[in-house]
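Computed from heavy atoms alone, side chains included, the values below leave out hydrogens, waters and symmetry copies. Nothing fancy with the numbering, it's 1 onward along the sequence.
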Amino acid sequence: MRRLLIMLVGLAAATWAARDVYSELNAMLPVPEPLFIDVPRGATMNGLLRDLEQRGLLQSPRQRLYLSWYARLTGQARALKAGEYSLATGLRALDLTALLASGQVVLHELTLVEGWSFAQALAAVRAHPALAHTLPETGAGEALMTALGQAARHPEGRFYPDTYRFPRGTRDVEFLRRAHKALERALAEEWAARAPDLPYHSADEALTMASIVERETGRVDERGEIAGVFVRRLQKGMRLQTDPAVIYGLGARFDGNLRKRDLLADGPYNTYTRAGLPPTPICLPGRAALHAALHPRPGKTLYFVSRGDGSHVFSETFAEHDAAVRKFQLKKRRSAPK
């Protein structure tokens with residue numbers, strides 16, 4: 001009888017313990033709204049659970065102990081991965097250790113915009129709080145290109161405009177390395193499939209042309225025509241006479257108003273005073289601009305002028321172009337506020 005009683009007490013205790021373990025492991029954690037936690041490199045599951053208990057996320061030492069046992073038995077303790085995690089409302093205690101062992105860290109986003117200059121892209125990278133900032137305040141472009149193994153190249157135009165996702169703590173150099181590789185890949189693909197008889201000596205020259213096309217128009221349907229105008233100008237030995245290149249060369253001196261004296265002042269980016277392409281790209285070109293530069297629309301047009309609504313009028317002769325300039329540019333001046 002005594003043995004039976006002991007067995008019954010033991011069974012009851014085991015049943016209670018099993019129910020307690022089950023209850024604690026399946027209990028909802030007190031997460032009223034999405035909570036972000038950071039798991040540092042070298043952290044242990046026990047240490048992390050202790051920290052979460054102190055923060056009130058685990059409601060008792062018993063719950064922490066059960067979770068620690070559970071994580072060890074399932075191998076999750078050994079699989080703990082560093083990073084930033086988002087804890088959702090309704091998360092069970094046992095789902096917490098599974099999440100921390102999954103490596104499903106929070107991914108942040110940053111978009112490099114088509115037509116941005118490298119300076120604008122770098123400013124956006126420096127302003128993002130989830131990136132680790134390692135580039136120097138001065139000479140960042142040179143330091144970056146050296147880190148990328150491209151020390152002899154100017155950074156302008158070398159980074160593909162796109163939306164990139166990354167975990168917190170990603171180094172700025174590694175983020176930009178991804179954008180650089182994406183640009184190199186897109187350029188190589190377009191260069192390999194380029195149209196015949198183009199006036200480029202290298203893919204780098206095509207990249208420079210793509211950057212000009214990118215800055216000249218935001219309309220995808222016009223990029224091939226604008227590229228065609230500039231390609232035919234190069235083939236005929238005409239100067240490109242593209243305002244965006246001049247503006248890029250002016251840098252901080254440009255106040256939003258391009259003047260005649262700016263067009264007459266010689267400089268490496270002044271395509272009014274110098275023949276051929278400028279020495280570097282002038283912005284980050286997107287895929288459509290790369291494609292246009294390497295697949296220009298055939299035709300005879302050599303000039304274009306803005307209508308003032310984002311579209312352009314294309315002309316084959318200077319007389320036609322002059323008439324279009326007088327029509328649309330004078331109209332623009334007359335309609336400008338006094």
Side-chain angles (χ1 to χ4, degrees), residues 36 38 40-41 81-84 103-192 202-215 218 244-245 247-249 251-252 268-269 277-294:
F36 295 93
D38 186 57
R41 294 186 183 280
K81 294 179 176 62
E84 182 184 22
Q104 296 177 2
V105 297
V106 175
L107 294 180
H108 298 267
E109 287 188 355
L110 176 57
T111 299
L112 302 183
V113 179
E114 294 178 355
W116 269 5
S117 66
F118 171 72
Q120 289 174 303
L122 182 61
V125 167
R126 282 179 164 159
H128 202 292
L131 288 169
H133 305 294
T134 65
L135 290 168
E137 285 298 317
T138 58
E142 293 82 352
L144 173 60
M145 296 309 287
T146 299
L148 298 181
Q150 304 279 326
R153 281 180 166 172
H154 194 284
E156 192 63 73
R158 296 287 169 184
F159 304 91
Y160 190 67
D162 202 352
T163 297
Y164 298 90
R165 304 183 74 201
F166 53 91
R168 180 177 292 277
T170 299
R171 293 171 61 237
D172 47 12
V173 172
E174 294 312 309
F175 173 86
L176 289 166
R177 189 188 303 277
R178 284 179 60 196
H180 175 69
K181 287 182 178 179
L183 185 282
E184 293 286 289
R185 185 166 55 250
L187 179 59
E189 290 170 357
E190 292 293 346
W191 179 255
S202 66
D204 282 0
E205 290 191 355
L207 179 63
T208 298
M209 176 63 83
S211 73
I212 293 172
V213 172
E214 185 70 68
R215 292 296 296 152
I247 291 170
Y248 181 84
Y269 291 90
L277 291 160
T280 72
I282 61 172
C283 73
L284 279 59
R287 189 67 181 244
L290 286 171
H291 186 80
L294 287 160

Quick one: side-chain contact (heavy atoms from CB on, under 4.5 Å) partners of [X], sequence neighbours excluded?
X: T111; result: V113, T163
X: A203; result: L187, W191
X: E114; result: P161, E214, R223

With sequence neighbours left out, the residues meeting salt bridge (Lys or Arg N to Asp or Glu O under 4.0 Å) with R178 are none
Contacts of D204 meeting salt bridge (Lys or Arg N to Asp or Glu O under 4.0 Å) (sequence neighbours excluded), chain-then-number -> R153, R158
Listed pairs under 3.5 Å, donor-acceptor, residues 278-290 side chains, sequence neighbours left out:
{"unit_1": "T280", "atom_1": "OG1", "unit_2": "Y269", "atom_2": "OH", "d": "2.6"}
{"unit_1": "R287", "atom_1": "NE", "unit_2": "E190", "atom_2": "OE2", "d": "2.8"}
{"unit_1": "R287", "atom_1": "NH1", "unit_2": "E189", "atom_2": "OE1", "d": "3.2"}
{"unit_1": "R287", "atom_1": "NH2", "unit_2": "E189", "atom_2": "OE1", "d": "2.8"}

For this session: Give a yes or no on whether E174 atom CD has more than 12 heavy-atom contacts from other residues, nucleotides or ligands under 6.0 Å away.
Result: yes
Quick check: closest heavy atoms across [X] and [Y], and the distance to 0.1 Å?
X: G141; Y: P155; answer: CA-CG, 4.0 Å
X: A186; Y: Y160; answer: CB-CE1, 4.0 Å
X: V105; Y: G83; answer: CG1-CA, 3.8 Å
X: A292; Y: V213; answer: CB-CG1, 4.4 Å
X: L107; Y: P167; answer: CD2-N, 3.7 Å

So the salt bridge (charged side-chain N to carboxylate O under 4.0 Å, His left out) pairs with at least one residue in residues 130-142 (sequence neighbours excluded) are none
Taking side chain to side chain donor-acceptor pair (under 3.5 Å) as the test, write out the residues that go with [X], two or more places apart.
X: R185; value: none
X: H108; value: E84
X: Y248; value: E156

Rounded distance [0.5 Å steps], [atom1] in [X] versus [atom2] in [Y]:
X: D162; Y: L183; atom1: CG; atom2: CG; value: 11.0 Å
X: S117; Y: I247; atom1: OG; atom2: CD1; value: 12.5 Å
X: F36; Y: R168; atom1: CZ; atom2: CZ; value: 8.5 Å

Residues passing the ring pair (Phe, Tyr, Trp, His ring centres under 6.0 Å) test with F118, sequence neighbours excluded, are F159
Could you pull out all donor-acceptor pairs under 3.5 Å where a side-chain atom in residues 122-135 meets a protein atom, sequence neighbours excluded?
{"unit_1": "R126", "atom_1": "NH2", "unit_2": "P136", "atom_2": "O", "d": "2.3"}
{"unit_1": "H128", "atom_1": "ND1", "unit_2": "A130", "atom_2": "N", "d": "3.1"}
{"unit_1": "H128", "atom_1": "NE2", "unit_2": "E109", "atom_2": "O", "d": "2.9"}
{"unit_1": "H133", "atom_1": "NE2", "unit_2": "R126", "atom_2": "O", "d": "3.3"}
{"unit_1": "H133", "atom_1": "NE2", "unit_2": "H128", "atom_2": "O", "d": "3.0"}
{"unit_1": "H133", "atom_1": "NE2", "unit_2": "L131", "atom_2": "O", "d": "3.3"}
{"unit_1": "T134", "atom_1": "OG1", "unit_2": "D172", "atom_2": "OD1", "d": "2.6"}

*asked:* Salt bridge or not between K181 and E184? Use side-chain N to carboxylate O under 4.0 Å.
replied: no
